[in-house]
Amino acid sequence: MERVAAQRQLSQAQQRLAEQPDNQALQRKVKRGQRLVELSPFYEAAREFAHLVSCAQRSEQGCNLVIATGGGPGIMEAANRGAFDAGFKSIGFNISLPHEQRPNPFVTPELCFRFNYFALRKFHFVMRAVGSVFFPGGFGTLDELFEVLTLRQTGIKGPIPVVLFGRDYWQEVINFNALADSGLIGDDHLDLIQFADTPSEAWELIRSSERYAQCRPR
C-alpha cells in the first residue's frame, strides 16, 4: 500500500499493542505493519513505471501501449494512477469477489471491466500483452505469474518479457533455482524470468524485447 496508509495502519497497531503489550496477535500485527511500511516503496515504483510507459508513447514511434491491471487497490491502483498522472488511459480488469473489490478511481471509466471468472480474466490479461511486470503480491499475483510462465514454458504464448520487480523480494519468496536443480523445470526455463529493481530498468527490458519490436510500425 501507499506509504502514508501503511504508516497509519502501523501506528494504529502500535497504539493497540501499547494497551495490551502481551497480546501475541497484536505483536504479530505490528510486525506485519512494519513490513508493509518497508514494502510501501513498491507502490511509488509501480506508479512511476506506469507513468514512464505512458509518457513514452508521446516520444516513441513504438507500440500503442496501455497499462492494464486488475483494477483494484494497492499496486494495481498505483499503476493505474501512474497512467492517470501522465494523462493517459489505462485498463482495469476487475473481478467479482465474495468480499467485493471495487475498481480504483484511476482506471479509465470506459476501460473498466468486471469479470465473473478468473480464467477469462487471465485470458484477457495475456492475449494482447507486450510484457508482464509483477510487483510483490499475494496468491492472486502468484497465480497470474505462474499462469504466464506456464504459457511461455509450453510455447502456447509467444515470447514476452516476464519481469519480476524487486529481485531480493522475489528471490526470497520463490526459489526458482531449486526447481531447476530438482529437475522439475529445465535450466533454460529460468531464462523466462527477468528481474528489475527500478522502473526504468523494467521499461528497458520491455522496450528491448522481441515482442515490442514486432509491434512497432514499419
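We use all heavy atoms of the structure for the numbers below, so side chains are in, but hydrogens, waters and symmetry mates are not.
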Checklist entry - Going through the distances and angles, do Leu145 and Val162 end up as a side chain to side chain contact (heavy atoms under 4.5 Å, CB included)? => result CA-CA 8 Å; Leu145 169 61; Val162 180; 3.9 Å; yes

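- In this structure, the separation between NZ on Lys157 and OG1 on Thr150 is 14.5 Å, given to the nearest 0.5 Å.
- The number of heavy atoms from other shown groups lying within 6.0 Å of NZ (Lys122) is above 12.
- To the nearest 0.5 Å, the span separating CG on Asp191 from CZ on Arg152 amounts to 10.5 Å.
- None of Phe195, Tyr169, Phe135 except one satisfies the side chain to side chain contact (heavy atoms under 4.5 Å, CB included) rule with Leu164; the exception is Phe195.
- For the ring-ring contact (aromatic ring centres under 6.0 Å, His included) criterion with Phe93, the lone passing option out of Tyr117, Phe125, Phe118, Phe123 is Phe125.
- Asn94 contributes no side-chain N or O that, together with a main-chain N or O of Phe113, makes up a donor-acceptor pair within less than 3.5 Å.
- One finds the CH2 atom of Trp203 at 10.0 Å from the OG atom of Ser208 (value rounded to the nearest 0.5 Å).
- Here the two rings, on His124 and Phe115, have centers that are under 6.0 Å apart.
- Salt bridge present: Glu110 and Lys89 bring a charged side-chain N and a carboxylate O closer than 4.0 Å.
- Counting only distance, with no hydrogens or angles, the side chain of Glu44 and the backbone of Ser40 share no donor-acceptor pair below 3.5 Å.
- Ion pairing between a basic and an acidic side chain is recognised when a charged N comes within 4.0 Å of a carboxylate O; Glu147 and Arg121 show no such pairing.
- More than 12 non-hydrogen atoms from other residues, nucleotides or ligands lie less than 6.0 angstrom from CZ of Phe88.
- Distance check, rounded to the nearest 0.5 Å: CG of Leu205 to CZ of Phe165 gives 10.5 Å.
- The closest donor-acceptor contact from the side chain of Asn80 to the backbone of Ile91 lies under 3.5 Å.
- Interatomic distance, CZ of Arg3 versus CG of Leu10, reported as 10.0 Å (0.5 Å rounding).
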Checklist entry - What do the steps show when you test Thr69 against Ile75 for side chain to side chain contact (heavy atoms under 4.5 Å, CB included), and what is the final call? => result CA-CA 9 Å; Thr69 78; Ile75 292 294; over 6 Å; no

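- For Arg16 and Glu19, the salt-bridge test fails: no basic side-chain N is under 4.0 Å from an acidic carboxylate O.
- Here CD of Gln194 is found 9.0 Å from CD1 of Ile206. Values are rounded to the nearest 0.5 Å.
- Relative orientation of the Phe176 and Phe146 rings is tilted, given thresholds of 30° and 60° on the angle between their planes.
- Across all their heavy atoms, Ala129 and Ser132 have their closest contact at CB-OG, 4.5 Å.
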Checklist entry - What do the steps show when you test Arg81 against Glu2 for side chain to side chain contact (heavy atoms under 4.5 Å, CB included), and what is the final call? => result CA-CA 12 Å; Arg81 187 175 180 179; Glu2 193 173 11; 3.3 Å; yes

